[in-house]
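One structure is given here, and the rest of the page talks about it.
Bear in mind that the values here come from a model prediction, so they are computed numbers and not experimental data.
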Amino acid sequence: MMKTVVLKVEKLNLGGQGIAYLNGKVCFVDFVIPEEEIKAEIIVEKKDYNIARVVDIIKPSPARVTPLCPVFGRCGGCQMQHIDYSKQIELKREILIDTLKHIGKIDFHDIEVFYEEPWYYRNRAQLPAQKDGEFKLGYFKKGTHEVVNHEVCYINQREINCITEILRERIKKSNIEIYDELKHRGNLRHLIIKRGTNTGQVYITFVTKERSLPEAIYEGLMQEIPQITGINQNINVQKTNRILGSKNIILAGRNYYEERISDKKFRIGPMSFFQVNTSVFEKIVEKIKQEIQGSKIIDLYSGVGAIGICVAPLCKRVIAIEENPDAVKDGIENAELNNIKNIDFIEDKVEKRILEIKDADTVVLDPPRKGVARLVIERLKRIRVKKIIYLSCHPATLARDANLIIGGGYQIKKVYLFDMFPQTYHIESLMIFEKGDAYLF
């Protein structure tokens, strides 16, 4: 029989879980808010921590609201719909401050927050397909690979939701075999829908295990939905959690869609990454442009060149380094599309090519969640870059890296929090470092 206890929620962790204490041992609880008093069941007991499940809210927070989505709590796509949006922003700011202090030993509180519309903002949906008696298309339940079926996702753009339903019906009628990841059998694995927020252009990718794909799924789709610029089939034959394979086949239209950021146009292919919240990303780009100084800019982890191309008119030269060959190809095409002649794209690992950089005025870092390799930070310190602009999607690795950067004689000039992912625990932040006396805490 599970133990029922009364807990007081102290704060949220980086994963959006509530933190409470039972006899000095930390308890992690989903779907709660700081200051709430709850009745909970201890469902996992470990030596150093417990995991609990809410049974009842004894004393609810004034910020508690009714979630908009009927599958919230089962679907793993959102974690914070039960919290009023203004409180979500406040909590994320507190989490960022707390993470910088405890991991980076950085006591910095002057954080400006930027946000946009908290619903229907995602410009990309990557939906796993599953058949468990019925055909399911949705997101995974938290901690599982069980798809939660839903008709409307309240954080995906409305247009993406409409297209999802059209494709759901086409998939059902086609009788295509749905992939079973446990048995590694079947064909249709994922459906990916991308949309240019500022252009309205839509790009569809069907991820399959086999080369075959029933024409009934995509035939006439571009006529039915004129906003679609291309339909792609990606073949992933591996038994893996990775969504995309290496082979792409264009079924109709072209091999990219377009998006606009600031006054620049970008072509984005099926294998290239682009930020999921266009409106907030535009705010980020504008802040970065305000910080650009000097003649030589290094854009590390540059992707399709969204930042590098936008800042290029403000300096003499931009060197963009990116290891994804598809992103580099898109980046070169995007530079030509925008008549940007002072940017050079290098296809390689940042850790390798940074060693060849002899000087730079400003460096822009936009790394993946794992952060920046220590070797890269050491190199930046050695060539005495005047300014480092660090765009982070994970506060823990930002805190770790910021500590190393400060140790190299840089000081924090500004920190911004951009709520790129409302209703979720994810935190996007921008930290500006300038060469000078080490920041004292």
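Atom NZ of K289 is surrounded by more than 12 heavy atoms from other residues, nucleotides or ligands within 6.0 Å. Crowding of K87 atom NZ: a count of heavy atoms from other residues, nucleotides or ligands under 6.0 Å exceeding 12. Applying the 6.0 Å contact sphere to CZ of F274 captures more than 12 heavy atoms from other residues, nucleotides or ligands. Applying the 6.0 Å contact sphere to CZ of R254 captures more than 12 heavy atoms from other residues, nucleotides or ligands.
Note on ring orientation: taking the six-membered ring where Trp is involved, the planes of F418 and F114 are parallel (angle under 30°, cut-offs 30° and 60°).
Donor-acceptor pairing under 3.5 Å is recorded for the side chains of N156 and Y139. For the residue pair D401 and Y390, a side-chain donor N or O sits within less than 3.5 Å of a side-chain acceptor on the partner. A donor atom on one side chain and an acceptor atom on the other are not found under 3.5 Å apart for E428 and N277. Residues T278 and E259 bring a donor and an acceptor atom of their side chains to less than 3.5 Å of each other. Checking E258 against T229 by side-chain atom types alone, no donor-acceptor pair falls below 3.5 Å.
Checked against a 6.0 Å centroid threshold, the rings of H190 and F206 do not count as neighbours. Within the 6.0 Å centre-distance limit, the rings of Y85 and Y115 are counted as a close aromatic pair.
In this structure, the side-chain contact (heavy atoms from CB on, under 4.5 Å) partners of A399, at least two apart in sequence or on a different chain, are T99, L100, I103. With sequence neighbours left out, the side-chain contact (heavy atoms from CB on, under 4.5 Å) criterion links R384 to K435. In this structure, the side-chain contact (heavy atoms from CB on, under 4.5 Å) partners of K386, at least two apart in sequence or on a different chain, are Q293, D361. By the ring-ring contact (aromatic ring centres under 6.0 Å, His included) test, F135 pairs with no residue at all, sequence neighbours left out.
Using a cut-off of 4.0 Å between Lys/Arg side-chain N and Asp/Glu carboxylate O, K283 and E286 are scored as not salt-bridged. Between E333 and R267 no salt bridge is recorded (no basic side-chain N to carboxylate O distance below 4.0 Å). Ionic pairing of K381 and E378 is present here: one or more N-O contacts between side-chain nitrogen and carboxylate oxygen are shorter than 4.0 angstrom.
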Distance-only donor-acceptor pairs under 3.5 Å for side chains of residues 64-71, two or more places apart:
from, atom 1, to, atom 2, distance (Å)
R64, NE, E36, OE2, 2.8
R64, NH2, F31, O, 3.0
R64, NH2, E36, OE1, 2.9
R64, NH2, E36, OE2, 3.4

Donor-acceptor list for residues 364-371 side chains, cut-off 3.5 Å, not counting sequence neighbours:
from, atom 1, to, atom 2, distance (Å)
R369, NH2, H394, ND1, 3.4

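Panel note: side chain N123, backbone G196; no donor-acceptor pair is recorded below 3.5 Å.
Across every non-hydrogen atom of H150 and E165, the tightest pair is O-OE2, 4.1 Å.
If you take OG1 on T362 and CD1 on I389, they are separated by 5.5 Å, rounding to the nearest 0.5 Å.
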